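Predicted, not measured: the structure shown is a model, and the values here were computed from it. Just so you know, residue 1 is the first one in the sequence shown, and it goes up from there.
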Amino acid sequence: MVQFSRICFRKYGNFVDNLRMYVQGGNGGMGLPRLGGQGGNGGDVWVVASKNMTLRRVKDKYPKKRFTGTVGANSSVRSLKGERGEDKEIFAPVGVTVTTDDGRVLGDLNALGDRVLVAKGGHGGSPYTAFKPTKGDFQHIRLDLKLIADLGLVGFPNAGKSSVLTAISNATPQIGSYAFTTLKPEIGKLMYKDHKQISVADLPGLIEGAHINKGMGHKFLKHVERTKQLLFVVDVCGFQLASKTPFRSAFGAVQLLTKELELYNEELTSKPALLVVNKMDLPEAEDKLAQLQEQLQNPEEFSDLLPDNMIPKNYMTFGHVVPVSASTGFGIEHLKSCIRKSLDEDEATATKAIHHDRLQALRQHSQKHL
């Protein structure tokens, strides 16, 4: 049996799971010494969990990524106690951890409306400070999308996701021959000889129409957002969800999965992804794999095989395409090595980006003090 693996080093697209920004509380207002007047405190800066937000939207809306609270009002004859400065709110998605640049956790956004204080405003001038105000706190912070796993398994019912997870990891998900096998996220751990551990999540079953919340739709797709990479799993011989739904080839399944992700959040299709072609022990599997290989290399040429509503704006590029048989064990070790390679490349790219950010910050700091 021929083993096929295609490697494409893909550029990172629109998906943003980490954002660095500068925050500064507003300065306090001046006090009024001759009348004992007190200046207003500066406004604070908060990160607030909000509906329909992504880190990409935050980045696009605030390209400078600088957030400052309003300065407190000075004390005056007309108003001895100056008004407090307005707070600045940074709206972010649920599922974000807010940290300082050195990794100290400031708080988590676990539910809509959760708030994390990231920069406190300065105090207004008062008799205790010789009527001089203080400056607001300032620092660089990071918003990190909390991950439930390194990899998220994406596939339609009966593609064999649970079987693949069992074959590559220590997980023991409930497996059955009925349409909705996965009842809740199951996390498996891949163990490597050098003690490296990689977590893989088999997520609640995806069905056609998930983006409009059919089945477990949104619940599944929200989990997908919180994985570093995607692991598509398709049946090499295709599938039919029910007698009333059309048959989908392996190529059709890949594009329909891509379309469901795209319709929910277009950014998801820019995540690094691998494709597992399962059930290679079935008759005609090798011929079907060769056909799929040709279709994936030039998907635009085969778009006429798909209904118009199944054609994605952008076809997924898979770093590795790996044929396996979860039931016989064929290709499983190769799959594990491909997963490791893909995540190691991802980590190296992320580390390089962090070092670049820190170097830029140091340069800006040095220029200010010249």
Side-chain angles (χ1 to χ4, degrees), residues 4-17 54 56 151-157 159-161 164 203 206-212 217 220-221 223-225 227-241 245-280 285 287-324 335 338-339 341-343 345-346 349:
F4 162 58
S5 176
R6 178 167 61 88
I7 302 174
C8 296
F9 294 102
R10 69 196 298 267
K11 292 182 180 178
Y12 288 88
N14 294 324
F15 192 82
V16 177
D17 61 6
T54 67
R56 178 73 192 188
L151 280 168
L153 290 174
V154 178
F156 290 117
K161 292 190 293 110
V164 168
L203 306 167
L206 185 64
I207 64 170
E208 294 185 42
H211 69 280
I212 54 173
F220 167 88
L221 291 163
H223 285 315
V224 172
E225 288 183 302
T227 59
K228 281 184 186 174
Q229 299 192 6
L230 305 179
L231 193 66
F232 278 49
V233 181
V234 297
D235 184 329
V236 70
C237 293
F239 85 103
Q240 187 172 14
L241 184 63
T245 59
F247 173 81
R248 306 295 188 195
S249 67
F251 176 70
V254 169
Q255 304 317 329
L256 185 53
L257 287 166
T258 304
K259 190 68 178 177
E260 286 293 344
L261 296 179
E262 181 183 274
L263 289 169
Y264 174 73
N265 179 355
E266 204 169 320
E267 296 174 34
L268 292 177
T269 59
S270 66
K271 276 180 180 271
L274 302 87
L275 174 62
V276 177
V277 186
N278 192 24
K279 305 190 181 180
M280 288 301 297
D287 291 339
K288 298 283 188 184
L289 175 63
Q291 183 182 50
L292 176 61
Q293 174 181 351
E294 182 185 1
Q295 292 168 330
L296 289 175
Q297 286 173 341
N298 300 288
E300 293 85 359
E301 293 182 16
F302 296 93
S303 60
D304 59 332
L305 299 175
L306 307 169
D308 289 343
N309 63 352
M310 271 177 58
I311 301 174
K313 289 181 184 177
N314 296 294
Y315 292 96
M316 293 289 294
T317 302
F318 296 102
H320 303 266
V321 177
V322 190
V324 306
L335 173 58
C338 288
I339 289 171
K341 184 172 185 178
S342 183
L343 283 161
E345 288 167 358
D346 191 6
T349 304

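- Of all heavy-atom pairs between Leu256 and Met310, the closest is CD1-CG, 3.6 Å.
- Heavy atoms only, all atoms of each residue included: Val254 and Phe232 are closest at O-CE2, 3.9 Å.
- Put simply, the side chain of Val234 reaches to within 4.5 Å of the side chain of Leu275, judged on heavy atoms.
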_Could you go through Val276 and Leu231, starting from their C-alpha distance and side-chain angles, then the distance that decides it, and tell me whether this counts as side chain to side chain contact (heavy atoms under 4.5 Å, CB included)?_
CA-CA 7 Å; Val276 177; Leu231 193 66; 3.8 Å; yes
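- Screening Val322, Val324, Leu296, Leu289 for a side-chain contact (heavy atoms from CB on, under 4.5 Å) involving Val277 leaves a single residue, Leu289.
- To the nearest 0.5 Å, atoms CE (Met316) and CG (Leu274) are separated by 9.5 Å.
- Nearest approach of Asn314 to Glu262, heavy atoms of both residues: N-OE1, 3.5 Å.
- With sequence neighbours excluded, the residues that form a side chain to side chain contact (heavy atoms under 4.5 Å, CB included) with Asp235 are Cys237, Lys279, Leu282.
- Without hydrogens or angle criteria, Gln255 side chain to Leu306 main chain gives no donor-acceptor distance under 3.5 Å.
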*For side chain to side chain contact (heavy atoms under 4.5 Å, CB included), just list the numbers for Leu230 and Leu261, CA-CA rounded to whole Å, side-chain angles, deciding distance to a tenth of an Å, and then say yes or no.*
CA-CA 11 Å; Leu230 305 179; Leu261 296 179; 3.8 Å; yes
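- In this structure, the separation between CG on Leu263 and CG on Leu268 is 11.0 Å, given to the nearest 0.5 Å.
- In terms of modelled atom types and a separation under 3.5 Å, the side chain of Lys259 and the main chain of Ile311 share a donor-acceptor contact.
- From Asn265, atom CG reaches atom CD of Glu225 across 5.0 Å, with rounding to the nearest 0.5 Å.
- Residue Gln293 holds its CD atom at 11.0 Å from CG of Asn298, rounded to the nearest 0.5 Å.
- The OG atom of Ser342 sits 3.5 Å away from the CD atom of Gln229 when rounded to the nearest 0.5 Å.
- The shortest side-chain heavy-atom distance between Tyr315 and Thr258 does not fall under the 4.5 Å cut-off.
- With sequence neighbours excluded, no residue forms a side-chain hydrogen bond (donor to acceptor under 3.5 Å, both in side chains) with Ser249.
- For Gln291, the side chain to side chain contact (heavy atoms under 4.5 Å, CB included) partners are Lys288, Gln295, not counting sequence neighbours.
- Within the structure, salt bridge (Lys or Arg N to Asp or Glu O under 4.0 Å) pairs that include any residue of residues 297-317 comprise Glu266-Lys313 (at least two apart or interchain).
- For Met280 against Pro323, the heavy-atom pair with the smallest separation is CG-CB, 3.7 Å.
- Across all their heavy atoms, Pro272 and Lys228 have their closest contact at CD-O, 3.9 Å.
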